[in-house]
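The next block holds one structure in the form of structure tokens; read it before the comments.
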Amino acid sequence: MSLHPMKLVTIVCEAILEDRLVELLREVGTNGHTAFPVHGSGNQGNRSADISEMANVQIQVVVKPAIAETLLNRLQSELFAAFAMVAYESDVRVLRPDKF
Amino acid sequence: MSLHPMKLVTIVCEAILEDRLVELLREVGTNGHTAFPVHGSGNQGNRSADISEMANVQIQVVVKPAIAETLLNRLQSELFAAFAMVAYESDVRVLRPDKF
Amino acid sequence: MSLHPMKLVTIVCEAILEDRLVELLREVGTNGHTAFPVHGSGNQGNRSADISEMANVQIQVVVKPAIAETLLNRLQSELFAAFAMVAYESDVRVLRPDKF
Amino acid sequence: MDFVTAIQSNLLSPAVLFFVLGVFAAVSKSDLKFPEALYSTLTIYLLTAIGFKGGVAINEAGISTVWLPALAAMTLGAVIPLWAYPCLRKLGKFSISDAGAIAAHYGSVSAVTFIAATNFLKSIDQPYESYASAFLAVMESPAIIIGVMLGKGALGGKFSFSDPGVRHALRDAVLGKGVLLLIGAMIIGSLCGKRGMASVEGFFVTPFQGVLALFLLEMGMVAGRRLGDLKKVGLFLLLFGITAPVLHGSAGVLLGHWVGLSIGGATLLGVLAGSASYIAAPAAVRLSLPEANPTYSLTAALAITFPFNITVGIPLFFELAKYLNA
Amino acid sequence: MDFVTAIQSNLLSPAVLFFVLGVFAAVSKSDLKFPEALYSTLTIYLLTAIGFKGGVAINEAGISTVWLPALAAMTLGAVIPLWAYPCLRKLGKFSISDAGAIAAHYGSVSAVTFIAATNFLKSIDQPYESYASAFLAVMESPAIIIGVMLGKGALGGKFSFSDPGVRHALRDAVLGKGVLLLIGAMIIGSLCGKRGMASVEGFFVTPFQGVLALFLLEMGMVAGRRLGDLKKVGLFLLLFGITAPVLHGSAGVLLGHWVGLSIGGATLLGVLAGSASYIAAPAAVRLSLPEANPTYSLTAALAITFPFNITVGIPLFFELAKYLNA
Amino acid sequence: MDFVTAIQSNLLSPAVLFFVLGVFAAVSKSDLKFPEALYSTLTIYLLTAIGFKGGVAINEAGISTVWLPALAAMTLGAVIPLWAYPCLRKLGKFSISDAGAIAAHYGSVSAVTFIAATNFLKSIDQPYESYASAFLAVMESPAIIIGVMLGKGALGGKFSFSDPGVRHALRDAVLGKGVLLLIGAMIIGSLCGKRGMASVEGFFVTPFQGVLALFLLEMGMVAGRRLGDLKKVGLFLLLFGITAPVLHGSAGVLLGHWVGLSIGGATLLGVLAGSASYIAAPAAVRLSLPEANPTYSLTAALAITFPFNITVGIPLFFELAKYLNA
Ligand SMILES: Nc1ncnc2c1ncn2[C@@H]1O[C@H](COP(=O)(O)O)[C@@H](O)[C@H]1O
Ligand SMILES: Nc1ncnc2c1ncn2[C@@H]1O[C@H](COP(=O)(O)O)[C@@H](O)[C@H]1O
Ligand SMILES: Nc1ncnc2c1ncn2[C@@H]1O[C@H](COP(=O)(O)O)[C@@H](O)[C@H]1O
Ligand code: NA
Ligand code: NA
Ligand code: NA
């Protein structure tokens, strides 16, 4: 078995942004994503998900390192200022590198 | 405090596979798992979770490195071909190594 | 783009502990958290989330390394013995280090 | 009432109009979305209610009245995949497992289509055998089992009952949530009879038609979201998705007429035969025939045959039943 | 019945009392929590039911009766943000986008407040034009569009229709789930008429008032959880949250009286004008005016204006309508 | 009607049969699963409905009629853990916290068992004091508080009211969702009276018995999934899970008879005393007595005592009440 290094980018943001984020993901060249219904808290206060307007979504995407960088840069320049969100990157290893 | 390195294996797949995957996890010797209801997209198209047949599940399991390898190999040989799924491995650190 | 190393602490525990954990997070100085409704299994048996008493929650928090250590230590001393739970730490990189 | 009036009366029912609204919501990319828990809840409710009502009706009618048409229905369900499979293989050029999977879906039945048909009959005051949901219950499983056997290569002699996939299909065909709720509630209804019905009528009967309307709103969205997949399934499956319900449905009406069902009852048997499963079959088939591409069967059942039956099929089978009886 | 009796009768209704219980549950930090799926389900149910009933009423009354008051309602919804915006800018010192966002919320309407008002009227046996939910349907969108245009800087000439934010708002104002369900169900109801209503009455009418009570329990919790945010929004918005409904509501009652609505109908138009949206507007405004702080508009609409209307506003507008008619 | 007929009539009710179907679904590993949101929704509905109806009944009967039997009920709930605790310690060899936890569950009450009992009485046309749900409301908390105090070592003098665990239990026993909904809805019902009931009857009464049947289907699955845990809890707890309801239930019937309740009312007090909590108690106890193993109390309450009461207990207590009254 040989494992290949990839980046996992995790984004937590207002659920209302989901469609727009998925579009952005496609624009930077990702092949898929996974979305989690979540709630939480942060600088913009509690997001308790009691009503859909206050729900969050976490989006995770496994990508090649170059794409991770583009993605984070675009989040920074286009969305960080106006929306409640966090994003981070970490290292993962996959079996089928050409899938991502 | 001393932290001990472990592997975290993450599997995203069709929700219908959940029971079968949990069985497989047990067979390779894991002690527990965590499951998330998720939706997403990938090579096999959108999995929007609007009906249960189109829902995904993410399964995460903290394991000793040797088990991670066995697990990923079995996923590769038994499930990757026929089902919509991704799997990856990453490094984590735990306080109670004998729990895993 | 410059990325800054942070720790991601992941805690999976009985859903009933959620409020208490969030309080503890605040006490150790975190700025936010993300919570996932999950189910799973472990040493304390199946937690199938069929009723809310048997549901789990996963809490993830991005923190400075020093806080991660404090947090894990407090979990160990205050909660590990009495509740069904696991906790682990991993490395992530963020764009806005002062947010965490 | 002729065919056009029948179609019209069907199209102007709340159920069908809410279905259309759902398709519109999906196609126009509205942010309307039903929580998955609501979809499951509505499914559980509809299956339980229809099963329970059918059981009470069996209790009233007596098993001696029910067994013959039920057996006919069951046989029909088992036979449909046997002819559909070679047709899908030869004409449609589908792989063995894909052909088996699609055959399983079309031999099995759609509870919601059946319920919509009972609503249609009720709205035009056409009586029907109220134990007809027994047909629904017994038609779910046989086709799934036979379809999976075919998809495993039964015709090529490759098939064996010890195959885990086949055993899984057998289990799921009998214990899957659709069958379990229908048969379970039916047994309960037949044990409780009228007295039991009196106590739960305010839940299983009073709001039933409105719940169906709400469910069809969701089904419209579910179908609408799959319209994009129509391109992927190819022209043959598009045609199959409309021809199959007409053929199977007509066979069902004929058979119903032949075993002595009323116009309403024969219509319902036609609707069942003509419908394709999207609750019981997909789950059972996915794990038993993992090589089969679920996009084919699900798109055909959900985005072609279901809308066709809901709008045109139901009044069509009704007209046929009327014609046979005249 | 004078004002005090009207308030009293309103306060002692199950709906309002369950709202109070919800606020208590939130404030006392009880572990009572509605699953999000339940909140969505109740919203879908209430919007669909009210739309459908309104459509049936339009079918009965004829479009010739409905168009004038509906047009008046729509105009009122469009005008409110035009006066609220400068007031929020000048007196409240809000930023352009915040002022536009708040104006959009207050020009648009709250379906639940409307439903609570119809319940109030029913409970005191006060008749009203049952097609009044058509006003609800047409008042949701215009204010959102105008509020977003203002928030984008329309008054400073900075605004353009090709702005993606504005186009998004236009889309959402027309295809957002609130509007889509209301208008869609209304069209369905007007196509089906009484006959369709008969079949789904057991779902859309029988349990309706009880479902509203349950929903208000949840709304009480939702509002209660936001009481802590009152500190953040400042004194001006607190005052605005109470003054605006009184002013807008009175204007609505006057206008209703003027276009010939009955006491009940004028009350409902007042309630609509006085209410602030928390379903349609937040979603549309958030993506169109991302720089606006949603805490302002949501707290004002949910934690101030909504409770005010539910308890005091509804009987107030009713008394005003009665007074005008006397 | 003798005991056998009573049991039979109870076993053939939709509610009990759906419970059996649920157990079968779980044991046969069917893929039937209720979404968690549905479980919560049904719980909220049942608690609210039963509380509201009870409140309306109190409004009718007057507090002067209700207070004595309610006080008796409350006392009974407080006394049960006081005898159960030493029995669990001495005979069952349980740890201090486990014994306290189990005692809390058995002193507290199961709303669903109570509701099933009212359904049973209704189905055999046996009248009962309709304010009896007040007993349910006042019996939830005391036992939890006393059980937690015992589990914290109150008998060994180790207990203190400033202990955070105890304060948590006090809070939860009063503000936990079960108690809050029951008492809250009861107060609302007693404020609204008949007039309020008229408006929400179509939701809180009409579908009530059917909703209970659906809920018992889910409870059957929940109990069925825990059957495997029976091995873990040991023989003593198995016996306790059947003996305790019989003893407590008989005491309840006796006490009810003694304070002047009718046959139906005494039956209900017996059912309450004999039932074990699985909504209020588990949540409160888990955080207050974290060292207690929740498998013990939850398995005993859910997988032993609940099925026993639903099937045998209810007709048993009814027969006893009849016998006392003869
Ligand atoms: N330090 C953190 N760790 C994990 N999740 C976070 C953190 N901070 C914020 N979040 C998540 O990101 C969302 C938006 O954060 P914010 O923009 O800080 O309000 C929150 O509602 C949380 O779900
Ligand atoms: N690059 C990716 N990053 C994160 N999740 C993915 C990715 N690709 C696929 N997935 C998830 O895995 C599921 C199956 O993927 P696939 O087999 O590619 O269709 C998708 O529905 C997603 O939930
Ligand atoms: N090895 C593991 N990997 C991932 N999640 C786990 C693991 N072990 C336990 N868990 C999660 O933590 C919860 C409590 O674990 P435990 O205390 O071992 O029963 C379980 O219900 C799982 O959701
Ligand atoms: Na069929
Ligand atoms: Na308004
Ligand atoms: Na008890």
Side-chain angles (χ1 to χ4, degrees), chain A residues 1-40 49 52 55-65 67-68 71 87-100, chain B residues 5-15 17-18 28 34-50 54-63 65-93:
Chain A
M1 183 179 70
S2 79
L3 287 166
H4 306 263
M6 287 281 157
K7 296 292 175 197
L8 174 70
V9 178
T10 302
I11 308 159
V12 188
C13 66
E14 307 179 29
I16 210 175
L17 271 184
E18 181 169 346
D19 288 349
R20 186 148 154 206
L21 256 181
V22 171
E23 224 173 273
L24 197 157
L25 289 179
R26 228 150 265 167
E27 284 171 28
V28 300
T30 64
N31 287 326
H33 77 282
T34 296
F36 308 68
V38 298
H39 54 283
S52 32
N56 281 352
V57 69
Q58 168 166 318
I59 302 217
Q60 287 195 317
V61 52
V62 178
V63 288
K64 295 196 179 27
I67 292 184
L71 175 53
Y88 50 89
E89 185 209 271
S90 59
D91 297 312
V92 298
R93 286 173 298 281
V94 303
L95 282 172
R96 301 170 291 179
D98 30 274
K99 193 175 187 336
F100 301 95
Chain B
M6 288 281 157
K7 297 292 175 196
L8 174 70
V9 178
T10 302
I11 307 159
V12 188
C13 66
E14 307 180 29
L17 271 183
E18 181 169 346
V28 300
T34 296
F36 308 68
V38 297
H39 53 283
S41 68
N43 295 343
Q44 338 264 323
N46 259 337
R47 297 197 49 91
S48 57
D50 55 348
M54 297 301 284
N56 282 352
V57 69
Q58 168 167 316
I59 301 218
Q60 287 196 317
V61 53
V62 178
V63 287
I67 292 184
E69 191 166 339
T70 322
L71 175 54
L72 286 169
N73 277 331
R74 287 201 52 183
L75 292 176
Q76 166 113 311
S77 63
E78 294 174 27
L79 298 172
F80 275 6
F83 294 99
M85 67 191 303
V86 302
Y88 49 89
E89 185 210 270
S90 59
D91 297 313
V92 298
R93 287 173 298 280

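Each chain gets a letter, A, B and so on, in the order the sequences are listed, and its residues count up from 1.
- Of residues 15-37 of chain A, those residues with a non-hydrogen atom less than 4.5 Å from any non-hydrogen atom of chain B are, in numerical order, A:Glu18, A:Arg26, A:Asn31, A:Gly32, A:His33, A:Thr34, A:Ala35, A:Phe36, A:Pro37.
- Looking at A:Val94, both its backbone and its side chain come within 4.5 Å of chain B, counting heavy atoms on both sides.
- Looking at residues two or more places apart in sequence or on another chain, you find a side-chain hydrogen bond (donor to acceptor under 3.5 Å, both in side chains) between A:Gln60 and A:Thr10.
- In this structure, CE on A:Met6 lies 12.5 Å from OH on B:Tyr88, to the nearest 0.5 angstrom.
- Neither the backbone nor the side chain of B:Asn56 comes within contact range of chain A; no heavy atom of the residue lies under 4.5 Å from a heavy atom of that chain.
- Listed by chain and residue number, A:Lys7, C:Arg93 satisfy the side-chain hydrogen bond (donor to acceptor under 3.5 Å, both in side chains) test with A:Asp91 (two or more places apart in sequence, or in another chain).
- Interatomic distance, CD of B:Glu69 versus CG of A:Leu3, reported as 7.5 Å (0.5 Å rounding).
- The side-chain hydrogen bond (donor to acceptor under 3.5 Å, both in side chains) search around B:Glu78 returns B:Arg74, not counting sequence neighbours.
- Interface remark: A:Ile59 contributes no atoms to any contact with chain B (heavy atom separation under 4.5 Å).
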